Amino acid sequence: MSENPPVTVRVDSAGAGKTAFEVLGVKDTAVARVNGALVDLAHVVAEGDVVEQVPYGSEDGRNVLRHSAAHVLAQAVQELFPGTLLGIGPFIKDGFYYDFLPSRPFTPEDLVAIEKKMSDITRQRQRFSRRVVSEADASSELAHEKFKIELIGLKGAAPEESPEVGGAELTIYDNLVGDATVWSDLCRGPHLPTTRDIPAFKLMRSAAAYWRGDQKNEQLQRIYGTAWESKDALKEHLHLLEEAEKRDHRKLGVELDLFSFPDEIGSGLVVFHPRGGVIKREMEDYVRARHLAEGFHYVGTPHISKEGLFHTSGHLPYYADGMFPPMEMEGSDYYLKAMNCPMHNLIYKSRGRSYRELPLRYFEFGSVYRNEPSGVIHGLTRVRGFAQDDSHSYCTQEQAPDEVKHLLTFVLGLLKDFGLTDFYLELSTRDDSKPDKFVGSDEDWATATAVLEKCAQETGLELVPDPGGAAFYGPKISVQARDAIGRTWQMSTVQYDFNQPAGFELEYQAADGSRQQPVMIHAAKFGSIERFIGVLTEHYAGAFPAWLAPVQVVGIPVHSDYDGYLHDLAGRLRSEGIRVEVDDSDDRMQKKIRNAQKQKVPYMLIAGAEDIEAGAVSFRFRDGTQDNGIPVDDAIARIVEAVRART
RNA sequence: GCCGGCUUGGCGCAGCGGUAGCGCAACGCUCUUGUAAAGCGUAGGUCGUCGGUUCGAUCCCGACAGCCGGCUCCA
């Protein structure tokens, strides 16, 4: 990042006719912003123009250098694999990609060769030269590039869809060596001045991607790369990726013996081992207690149901693809439930309800099963069987806004209790162009959406629209949480539903004696217990806070003579509810410390002759710091307090 | 579901057309004195599954399953 504020110049009469680069006259300039629009440094300015430096390390600067790198990638691919057709090549977070239609998919070896060819191209200092073309000229020049032709046809329709087209005019960028054009691509620009100006890049991987993101379209081969304003910035990014890999919950799940996915059970189905079970149980106990404190009633429902229930709820007409296929018994088809709401509705309906009971809140850890496509299964964050900490609040339409607010406040507080503190909200709404995917009237959708939007805004959190992302029965707010290394995860959802109360003919008797239909608010606080454990594992990199740690204390004797002393201490801790082990194996002390450290145990209690003489014990913490000679009573109090405080 | 890659003892990895090794872990023995790996020994694998090619397959080919990276989708 540039330390100094960007240079800004207002062009005077002497500057008119010069290039943006000339009037700025400063280094560390990727492109220029002239009167608010990004342009090439070769752009000729006029008197009165305001020209601003865009440094390489700025957001725009990075985007431009990444997009320029994408061009070099495309050029390298077309030189190495003649006849390969081009898709699009935008910048993305941390890098860029380019989509291709090659005669065969790229291999890892191909990527090495392509990266080398890219280096050749950058060394040649090819100039990116902008040329305005008419639609007819572009079409004939790019006649062999069918995807580019399609983009030309889209010009103006969706400017955000690709960097190739959009804006007032159609442009082609030529790569020049001397005066000779060695390569060209349809592109809106802008670009760095030359290929040599790309400071640092690296190809990451290749993968398939559907043309224009639609499963119905042809599948292209996408190559991902990363590019940065300096070699150091690139190195730092690669280091961050390594760190992220170390906290991968799938890896930590094995190393810390938390859970596994036995092939024999099936893809996307998890078993929790004793240590993972501790985390799961602590979470559930705490969450259950918090729900009770917030006025929820804990209920219980089965995992499967006859199909009629899911017709009533609307799941079978709208969600059948997402459910496991039915099993037939005694002439009925039974389905594993994919959602808990239909069952809760039956509890509501089990007797007449009064307005005095509302809002009526049901909560359970409901096990649901969803037929996720095989390619999307991913550790704990995308599974086929999981438990939702699911609740349904039945209330009058007038109560709904307060209930949504209540839920949002509750959810955010709960997430904070687990160490997640950085959030934004997403408002998922109906896609009006696909009426067959959503049930209910326009008016009801508008009402529901307005309630959610207003409540979301009142939290003061950033609110991002998600058009088309609603459930079939109503709009939703989802809470996105950022973890310790800045990645975001979709956690909680709050959904406003007026359709299922109608389908189930739910009602309550109002104060005036009339029968009214309640609305129901669905809310999953963690989304799924499984996903949340996965996210927490990555957030804490396996070093869970003491209250969640599978093993909270390990006693380590300096010599086996002191095993008994530590066993006595462990007994006292255990009676305080602390999960404690004494490592009385015949390893040496150093090895025991190493083992406890690798298991990320919060407290190591070390005892030798000095400690015993003083009636004390020595702490070693996970960060390697120590606190020696602590009297045993103090040590116990300290640990008990830390666990109680959930810090 | 689609495209590509991968699959060798509990974990991490070698290897190779002539039926397999290493480190850690496990087990045994001898050790154990202050903050991240003591030494020696033992045991453990029909090389994911099923077919095919071959005199012979862990190795080559195919199908299936699982996993990984993306796309699409999603709590």
Side-chain angles (χ1 to χ4, degrees), chain A residues 97 99 104-111 204-224 248 250-251 254-255 257 260-268 321-322 338-339 366 368 370-390 428 469 471 476 478-479 489-493 495 522 524-532 534-535 556-563 584-598 604-612 618-622 624-629:
Chain A
Y97 69 78
D99 284 343
R104 60 158 176 83
F106 300 112
T107 66
E109 295 73 38
D110 291 339
L111 287 197
M204 304 304 283
R205 62 178 63 91
S206 65
Y210 298 102
W211 169 239
R212 298 183 60 211
D214 191 329
Q215 211 165 345
K216 291 194 284 291
N217 289 339
E218 197 161 3
Q219 207 163 40
L220 306 180
Q221 295 298 315
R222 175 172 297 178
I223 296 179
Y224 286 92
D248 189 318
R250 295 165 300 180
K251 200 172 140 95
V254 175
E255 288 172 7
D257 197 13
S260 60
F261 299 89
D263 289 354
E264 294 86 337
I265 297 180
S267 182
D321 287 348
M339 291 172 183
V368 297
R370 297 184 183 177
N371 178 19
E372 300 293 344
S374 58
V376 308
I377 306 288
H378 182 96
L380 287 175
T381 58
R382 197 71 185 275
V383 291
R384 283 183 172 155
F386 58 99
Q388 293 179 309
D389 56 337
D390 206 2
S428 300
K476 72 178 174 191
S478 58
V479 178
W489 303 89
Q490 177 171 337
M491 316 264 34
S492 328
T493 60
Q495 306 178 340
H522 308 241
K525 287 86 215 174
F526 292 151
S528 101
I529 302 295
E530 285 77 3
R531 173 180 287 183
F532 193 69
V535 171
I556 297 176
V558 169
H559 182 271
S560 54
D561 290 352
Y562 316 126
D563 286 0
D584 54 9
S585 69
D586 50 10
D587 285 325
R588 281 167 158 69
M589 178 193 69
Q590 286 81 353
K591 181 63 175 292
K592 294 178 181 181
I593 289 170
R594 178 180 159 84
N595 286 343
Q597 190 82 44
K598 281 170 64 175
M604 288 173 233
L605 291 181
I606 297 170
E610 290 168 32
D611 294 294
I612 289 170
S618 294
F619 278 88
R620 179 190 160 101
F621 304 99
R622 275 188 295 220
T625 58
Q626 322 175 14
D627 209 346
N628 295 339

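As the structure is a prediction and not an experimental result, all values here were calculated from the model. Below, chain A is the first sequence line, B the second, and so on; all start at residue 1.
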| Met604(A) near the nucleic acid: base, sugar-phosphate alone, or nothing, with a heavy-atom cut-off under 4.0 Å? | nothing
| message | Within the 4.0 Å heavy-atom criterion, would you say Glu530(A) contacts the bases, only the backbone, or no part of the nucleic acid? | response | nothing
Taking N or O atoms only and anything under 3.5 Å, show me the protein contacts with nucleotides 3-14 of chain B, one pair per line.
from: C3(B); atom 1: O4'; to: Gln219(A); atom 2: OE1; distance (Å): 2.7
from: C3(B); atom 1: O2'; to: Gln221(A); atom 2: NE2; distance (Å): 3.0

Under 3.5 Å, which N/O atoms of the protein pair with N/O atoms of nucleotides 64-66 of chain B?
from: G66(B); atom 1: O2'; to: Asp263(A); atom 2: OD1; distance (Å): 3.1

| said: Suppose you measure atom P in G15(B) against the same atom in G21(B); what distance do you get, rounded to whole Å? | reply: 15 Å
| message | Need one value for Val368(A): base, sugar-phosphate or nothing, where a base atom within 4.0 Å counts as base even if backbone is also close, heavy atoms only. | response | nothing
| request: Would you classify Asn595(A) as touching base, sugar-phosphate or nothing, given that sugar-phosphate means primed atoms plus P, OP1 and OP2, and contacts are heavy atoms under 4.0 Å? | output: nothing
| With a non-hydrogen cut-off below 4.0 angstrom, is Gln490(A) in contact with a base, only sugar-phosphate, or nothing? | sugar-phosphate
| query | With a 4.0 Å cut-off on heavy atoms, is Ser492(A) in touch with a base, just the backbone sugar-phosphate, or nothing at all? | reply | nothing
| message | Once you apply a heavy-atom cut-off of 4.0 Å, does Tyr562(A) come out as touching a base, just sugar-phosphate, or nothing? | response | base
| query | When all nucleic acid strands are considered with a 4.0 Å heavy-atom cut-off, which category describes Ala609(A): base, sugar-phosphate, or nothing? | reply | base
| message | Between the base of A36(B) and the side chain of Arg620(A), is one N or O donor paired with an acceptor at under 3.5 angstrom? | response | yes
| said: In terms of relative ring orientation, are Phe621(A) and Phe619(A) parallel, tilted or perpendicular, with 30° and 60° separating the classes? | reply: parallel
| For atom CG of Asn217(A) and atom P of C73(B), their distance in whole Å | 12 Å
